[in-house]
Amino acid sequence: NKEAIGQSGGIHALVNLLSDGDALVRERAASALGTLCVLSDQNKSWMVEAGAIPLLVELLKDEISKKPAVVVLRSLAEENEVHRRTIKERCAEGDLAALLKL
C-alpha cells in the first residue's frame with residue numbers, strides 16, 4: 001500500500017534523498033516519489049510537508065533527475081491550486097518552460 005510507505009516515514013526519507021550528492025540517488029528518489037504520488041492525495045500532502053517542492057524544482061537543473069522531478073511536480077500541481085502556485089513561485093521562467101515541455 002502506497003500510503004503505508006508514507007505513514008511509516010518513507011516519503012520523508014525519499015525527500016531527504018533529493019538533495020543527496022549522488023545524481024543517481026536523486027533520480028531514483030524522485031522516481032520513487034513519482035510512483036508514490038499516483039492516486040494518493042495523502043502522499044502528495046506528505047511530500048509537500050516534507051519540503052519536496054523546492055528540492056524538486058532544483059532537480060530541474062539536473063539532466064539525470066529532471067524527468068522524474070517533472071513527473072512529481074506535475075502530479076503535485078494537478079488539481080491542487082496551492083501546490084501549483086507554490087511550484088510557480090519557486091520556478092524560474094526557463095524551469096517553467098521545461099515543466100511544460102516534458
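Quick note: residue numbers are just sequence positions, from 1. Here the structure is a predicted model, which means the values were calculated and not measured.
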Problem - Glu58: side chain to side chain donor-acceptor pair (under 3.5 Å) partners, not counting sequence neighbours - result: Lys61

Problem - Common cluster, Leu17/Val48, ILVMFWY with side-chain heavy-atom separation under 4.5 Å - result: yes

Problem - Exercise: identify the closest heavy-atom pair between Leu36 and Ser40 - result: O-CB, 3.7 Å

Handout entry: Cluster overlap Leu59 with Val25, hydrophobic side-chain contacts below 4.5 Å
Key = yes

Completion exercise
Looking only at heavy atoms, the pair that brings Gly51 and Val15 closest together is C-CG1, 4.0 Å

Practice task
Please round to the nearest 0.5 Å and tell me the distance separating atom CG of Leu60 and atom NZ of Lys66.
Solution key: 7.0 Å

Fill in the blank from the handout: In this structure, CG of Leu76 is separated from CG of Asp41 (nearest 0.5 Å) by 10.0 Å

Exercise for the section: Report yes or no: does Asn43 contribute a side-chain atom to a donor-acceptor pair with the main-chain N or O of Cys37 at less than 3.5 Å? Expected result: no

Fill in the blank from the handout: The single option from His83, Glu81, Lys88 that satisfies side chain to side chain contact (heavy atoms under 4.5 Å, CB included) with Arg85 is Glu81

Handout entry: Candidate list Leu18, Leu24, Asp22, Asn16, test side chain to side chain contact (heavy atoms under 4.5 Å, CB included), partner Asp20, passing option
Key = Asp22

Practice task
With sequence neighbours excluded, tell me which residues meet side chain to side chain donor-acceptor pair (under 3.5 Å) with Asp62.
Solution key: Arg26, Ser65

Handout entry: Atom CZ of Arg84: over 12 foreign heavy atoms under 6.0 Å
Key = yes

Exercise for the section: Rounded to the nearest 0.5 Å, what's the gap from CE on Met47 to NZ on Lys44? Could you check? Expected result: 8.5 Å

Show which side-chain atoms of residues 4-13 pair as donor or acceptor with protein atoms under 3.5 Å away, not counting sequence neighbours.
{"residue": "Ser8", "atom": "OG", "partner": "Ala4", "partner atom": "O", "Å": "3.3"}
{"residue": "Ser8", "atom": "OG", "partner": "Ile5", "partner atom": "O", "Å": "2.9"}

Practice task
Using distance alone, with no hydrogens and no angle criterion, decide if Glu49 and Ser45 have a side-chain donor and acceptor under 3.5 Å apart.
Solution key: no

Problem - Rounded distance (nearest 0.5 Å) linking atom CG of Leu33 with atom CG of Leu56 - result: 6.5 Å

Exercise for the section: First locate atom CG of Leu14, then atom CG of Leu55, and finally report the distance between them rounded to the nearest 0.5 Å. Expected result: 12.0 Å

Fill in the blank from the handout: Closest non-hydrogen atoms of Thr86 and Ile53, given as atom of the first, atom of the second and distance, are CG2-CD1, 3.9 Å

